[in-house]
Amino acid sequence: MKSYSYTAQDAKGKNVKSVIVAENEQDFLAKMKEKGLFIKEYKESDSSDSRSAYKFNTKELAFNCRQLSSMLTSGLTLVKSIDILYKEQEKDKAKAIWQDIYENVQKGESFSESLQKHSGSFPDFLISMVAAGETSGSLDVIMQRMSDHYAKENKLKNTIKGAMVYPIILLVLCVVIVIFLFTFIMPTFIDMYDDPSTMPVLTKAMAAISDFLRTKWYILIAIVVGLAFGFVYAMKVPSFRLKVHRLMIKGPGFGPLVTKIYTGRFARTLSSLYSSGIPMVECLERSAAILGNAYIDQCFEDVVDEVKQGESLSSAITRTGIFEPMFCSIIFVGEESGALDSILEKTSDYYEEESDAAVQRLVSMIEPMLIIFLGVVIGMVVCGIYPALYGSMESIEG
């Protein structure tokens, strides 16, 4: 599938600019002919694959799912619902994707198959849930669940972004103050020494740092950029990524907080999938994959194998050592009572509240660390310039 942007004229002589998705150029021209449009100019988008042309964010997914659920519940057909939905899209690329889905469904293709053609624009989780909804005949209910799911995902992301605003501002302020101290303040006091050899050791160290920042700052920038690119490249190496993701869960202090966030997302996803009638093995695979943690993916390979062999879910998950004992006990109760989906749904609500609190605690751990760092740097600078200041005052008095 390819994405084409075009400028055309309709039967009334009105100019139309839009984007459309087609198999190839011949398919694009055929679609234009079906619409009764006279093409003035067109070009294939920079992306050679529509799957990378546009990716819906959680806010858009929540809106689209909620709209579809409302229209389907009101008695509208799926084709008509998608037709209305694609016309509501504000962005051209999003509109082109929904228009293509509408045309495919209108031709008799299933909704999930049409979404699968745009798997890069829609998450696999949504596609699986839509397929389950079509099979069970409860697509309206599934769309409502997906709307709630992505609304909560969006809320968590916004909570994290909002909580990180102050630490980021504080970090930038720290960097600016440190640079200012070493490039403007330190040189003034260093010049007070007639003989650099008489400088105390700490002052010499501060002077060396100041000189480096003023004359060889480009080396520092190169090091920072190199480390950033090096880390990004290293994260593509499976073994290194596995260690980093394991540290995120097992790390002291922040590990349990990150685990609570993962637990909330895992419980909600597993509940949605399992209550839709999807087999437990597939539920586990997709629920673990949505967390985006390589260490959890590796652990759940064993969980899936054990469940396939008849092991209870609670026992298999407990052996991973990822989730806290209370969560594993809740799963055990759900299995024994036969109400795993409803218990998981209630548990996900609890852990989502815990996730919000965990985000706040994570941020509260970062803030004092930055303040302490800034205080130590300022203290070192003061200790470094004090002998020069003291010496100059003595000479004035003399």
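Distance check: L313 CG to L270 CG gives 6.5 Å after rounding to the nearest 0.5 Å. Distance check: N293 CG to Y262 OH gives 4.0 Å after rounding to the nearest 0.5 Å. Residue K55 holds its NZ atom at 12.0 Å from CD of E60, rounded to the nearest 0.5 Å. Atom CG of L340 is separated from atom CD1 of I330 by 11.0 Å, given to the nearest 0.5 angstrom. The CD1 atom of I97 sits 12.5 Å away from atom OG of S114, with the distance rounded to the nearest 0.5 Å. Put simply, CD1 on I142 and OG1 on T135 are 10.0 Å apart, with the number rounded to the nearest 0.5 Å.
At most 12 heavy atoms of other shown residues, nucleotides or ligands fall within 6.0 angstrom of atom NZ in K236. Within 6.0 Å of CE in M326 there are more than 12 heavy atoms belonging to other residues, nucleotides or ligands.
Criterion: ILVMFWY side-chain heavy atoms under 4.5 Å apart, direct or through other members. Under it, I177 and I169 are not part of a common hydrophobic cluster. One hydrophobic cluster, built from ILVMFWY side chains closer than 4.5 Å, cannot hold both F229 and Y233; they sit in different ones. Both L242 and I249 are part of a single hydrophobic cluster, where members link through side-chain heavy atoms under 4.5 Å apart. Tracing side-chain contacts under 4.5 Å through hydrophobic residues (I, L, V, M, F, W, Y), one reaches W217 starting from L227; they form part of the same cluster. V178 and M369 are members of different hydrophobic clusters when ILVMFWY side chains are connected at heavy-atom separations under 4.5 Å.
Between L61 and M146, every side-chain heavy-atom pair lies at or beyond the 4.5 Å cut-off. With contacts defined as side-chain heavy-atom distances shorter than 4.5 Å, the pair F56/F63 does not qualify. Inter-residue side-chain proximity for R265 and E153 is flagged as met; some heavy-atom pair is nearer than 4.5 Å. Using a 4.5 Å cut-off on side-chain heavy atoms (C-beta onward), H245 and Q298 make no contact. Annotation: side chain of Q67 is not in contact with side chain of M143 (no heavy-atom distance under 4.5 Å). L68 is listed as a side-chain neighbour of F111, based on a closest heavy-atom distance under 4.5 Å. Side-chain contact between D148 and R145 is absent, with no heavy atoms from C-beta onward closer than 4.5 Å. Proximity of L273 to E282: side-chain heavy atoms (C-beta onward) are nowhere separated by under 4.5 Å.
Between L126 and F122, the shortest heavy-atom contact is CD2-CD2, 3.9 Å. For G251 against P256, the heavy-atom pair with the smallest separation is O-CD, 3.9 Å. Contact record, L213 with F182: CD1-CB, 3.4 Å, taken as the closest heavy-atom pair. Nearest heavy atoms, S147 versus C65: N-CB, 3.7 Å. Closest approach of A294 to R241, counting heavy atoms only: CB-NE, 4.0 Å.
Formation of a donor-acceptor pair under 3.5 Å by the Q116 side chain with backbone atoms of I127 is not found in this model. Although no hydrogens or angles enter the test, the distance criterion places a donor-acceptor pair under 3.5 Å between the side chain of T320 and the main chain of I317. Under the 3.5 Å distance criterion, the side-chain polar atoms of S348 are left unmatched by any main-chain donor or acceptor of G264. The closest donor-acceptor contact from the side chain of S74 to the backbone of S70 lies under 3.5 Å. In terms of modelled atom types and a separation under 3.5 Å, the side chain of T259 and the main chain of G255 share a donor-acceptor contact. At least one donor-acceptor pair under 3.5 Å links the side chain of N104 to the backbone N or O of D100.
Other members of the cluster containing V175 are I179, with ILVMFWY side chains joined at under 4.5 Å, either directly or via other members. The hydrophobic cluster containing V237 also includes F231, M235, F240, V244, under a criterion of side-chain heavy atoms closer than 4.5 Å among ILVMFWY residues, counted directly or through chains of members.
Side chain to side chain, S112 and E134 meet the donor-acceptor criterion of an N or O pair below 3.5 Å. With 3.5 Å as the limit, one finds a donor-acceptor pair spanning the side chains of N64 and Q89. For the residue pair E345 and S271, no side-chain donor N or O sits within less than 3.5 Å of a side-chain acceptor on the partner.
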Is there a side-chain contact (heavy atoms from CB on, under 4.5 Å) between E109 and K117 once you walk through the steps?
-> CA-CA 11 Å; E109 198 172 80; K117 288 183 176 180; 3.0 Å; yes
Take K161 and V165 through the test side-chain contact (heavy atoms from CB on, under 4.5 Å) and record every step on the way to the result.
-> CA-CA 7 Å; K161 289 178 181 178; V165 169; 6.0 Å; no
With side-chain contact (heavy atoms from CB on, under 4.5 Å) as the test, would you mind laying out the steps for E88 and L85 before giving the verdict?
-> CA-CA 5 Å; E88 289 183 350; L85 184 63; 4.1 Å; yes
Could you walk me through whether V304 and E285 pass the side-chain contact (heavy atoms from CB on, under 4.5 Å) test, one step at a time?
-> CA-CA 7 Å; V304 169; E285 290 173 341; 3.8 Å; yes
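Taking R319 as the reference, E306, E311 meet the salt bridge (Lys or Arg N to Asp or Glu O under 4.0 Å) condition, with sequence neighbours excluded. Taking F300 as the reference, F266 meet the ring pair (Phe, Tyr, Trp, His ring centres under 6.0 Å) condition, with sequence neighbours excluded. Residues forming a side chain to side chain donor-acceptor pair (under 3.5 Å) with Y274 (at least two apart in sequence, or on another chain): none.
Between Y351 and F327, the angle of the ring planes goes over 60°, which puts this pair in the perpendicular group of the 30/60° scheme.
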List, one per line, each side-chain donor-acceptor pair under 3.5 Å for residues 76-83, sequence neighbours excluded.
from: T77; atom 1: OG1; to: K80; atom 2: N; distance (Å): 3.2
from: S81; atom 1: OG; to: T77; atom 2: O; distance (Å): 2.8

